[in-house]
Structures are given as C-alpha cells and as structure tokens.
Amino acid sequence: TPPASTTSSAAGSCSTTRATELRPHSPAAPLVLLRHDRRAAGLLAGSIVSGIVATCCTIVWLLLLASVIDRVFLDGADLRDVRSQLVAMVALLVARAVCTWAVEALADRASGRMRSTTRALLVTHLTAVGPGVLSDERSGEVATTIGAGVDALHDYVTRFVPAAASGVAAPLLVGLAVLVLDPWTT
C-alpha cells in the first residue's frame, strides 16, 4: 500500500490516509471495527453459530437419509417402520431453513449496526481533527469513504464473513462425523 500522506495542523502533526489508499491488509481487517460495537459483534457471532447449526442439521439429515435407505432397501422396512425418521428429517429441514434465515437476518442487522457505528466514528474523528487536517484531501473522496466506502462493508459482513466461517466449520464437522461414525477407515 502507498504510504499515508502527512499533513500539519495547528494542533500538531497528524497522519491521514487518502480515501483511494484505503485497502485492507487482510480479509479480516474490517472485523477490527467490531471492537467499537459489541452488539454488532454479537449479532455476527449469532449469524455464524446459526450457520454452524444449519450445517449440523444437514449432516444429521444426511445420516437419517442413509438410515432410511438402508432400512427400506436392505432390510425391507415399509413406510410405517421409517415414519419417525422421516418426521425427524422434515423437522431437520425446517430447522435448517430457520437457521439459514437467521444467518442472513442476523448478519444483515450486524451490518447495519457496524456501518452506522463506523460512520459515526468517522464523522466524530473528522470533526475532532478539524478542517485544517483535511485541506489536502478531496472532499469528494472523503464523502465517498463515509458513504459508499462504508456501505461496501455490507456485502463483506452479510456474505463473506458467514461464508468464510461456514467454509472452515463445515469440513471440520463433516470430518468429525466421519471420524465418529467410521473410525476404522479414517
């Protein structure tokens, strides 16, 4: 990343970064903003947990499906014999749907809170440093950072973070299920 431009003000030396130079150093960099709003962090954690629960529902559903197939085709069971498993499968599908909805709803609420808090922090900071520090900055770039730049956090919080957490948790959960159910081949 290019170095930040440095300007001086009556209050002393202050370092500012142009809006066009704002680039996260890692995909997790915007998560630092969650330190300023614990409620948004809690909502995002709830979203991630809901995604993990949805993954667990899928794994259990698949295990039940395998059991139903085994009982019907290999053991000759009829619908009466597997009815409880089929009801449990439907319940798991409903639970998974609710969890999937919760992932999106909680992440969306976390995003809204995070963007609101970030805008408030930016405006507070800009007010505190005063116009002297921003004399070398283009007002359009500052406005873009406060507006569209902060709005760009929405997709990151609602899509990337839950998907990344699921991408880590799902294979681990599947691996754990295989390890528990079939330890001799793993």
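In this text the structure is predicted, and so the values were computed from the model without any measurement.
Remark: L126 CG to L121 CG distance equals 11.0 Å, nearest 0.5 Å. Considering CH2 of W101 and OG of S50, their distance stands at 9.0 Å, rounded to 0.5 Å. With rounding to the nearest 0.5 angstrom, the CZ atom of R113 is 4.0 Å from the CG atom of D37.
For residues 83-92, the set of pairs meeting the side chain to side chain donor-acceptor pair (under 3.5 Å) definition, not counting sequence neighbours, comprises S67-Q85, R71-Q85. Residue pairs satisfying the salt bridge (Lys or Arg N to Asp or Glu O under 4.0 Å) criterion with at least one member in residues 151-179, sequence neighbours excluded, are listed as follows: R115-D151, R119-D151, D155-R159.
Nearest heavy atoms, W61 versus L93: NE1-CG, 3.6 Å. Listed here is the closest heavy atom pair of P162 and S47: CG-OG, 3.8 Å.
Contact check for L153 versus V150: side-chain heavy atoms found under the 4.5 Å cut-off. Looking at V129 and H125, their side chains come closer than 4.5 Å, going by heavy atoms from C-beta outward.
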Without placing hydrogens or testing angles, list every side-chain donor-acceptor pair under 3.5 Å for residues 51-58, not counting sequence neighbours.
residue: T55; atom: OG1; partner: G51; partner atom: O; Å: 3.0
residue: T58; atom: OG1; partner: A54; partner atom: O; Å: 3.1
residue: T58; atom: OG1; partner: R96; partner atom: NE; Å: 2.6

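Under the 3.5 Å distance criterion, the side-chain polar atoms of T118 are matched with a main-chain donor or acceptor of M114. T158 places a side-chain N or O within 3.5 Å of a backbone atom of H154 that can act as its donor or acceptor partner. Of the possible polar contacts, one joining the D78 side chain to the D81 backbone as a donor-acceptor pair under 3.5 Å is found. Listed for the T124 side chain is a donor-acceptor partner under 3.5 Å among the backbone atoms of A120.
Side-chain heavy atoms closer than 4.5 Å link hydrophobic residues (I, L, V, M, F, W, Y) into clusters, and following such links, even through other members, never connects V94 to V60. A continuous path of Ile, Leu, Val, Met, Phe, Trp and Tyr side chains, each step under 4.5 Å between heavy atoms, connects L65 with V72, placing both in one hydrophobic cluster. By the rule that hydrophobic residues join a cluster once side-chain heavy atoms approach within less than 4.5 Å of another member, I48 and L173 end up as members of one cluster. Each of L106 and V161 belongs to its own hydrophobic cluster when Ile, Leu, Val, Met, Phe, Trp and Tyr are linked at side-chain heavy-atom distances under 4.5 angstrom. Taking hydrophobic clusters as Ile, Leu, Val, Met, Phe, Trp and Tyr residues chained together by side-chain heavy-atom distances below 4.5 Å, V174 shares a cluster with L63.
Checked against M89 for a side chain to side chain contact (heavy atoms under 4.5 Å, CB included), the options V82, L64, L62 give a single hit: L64.
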Pair L79-L86, side-chain contact (heavy atoms from CB on, under 4.5 Å): steps then yes or no:
CA-CA 9 Å; L79 184 60; L86 294 174; 3.5 Å; yes

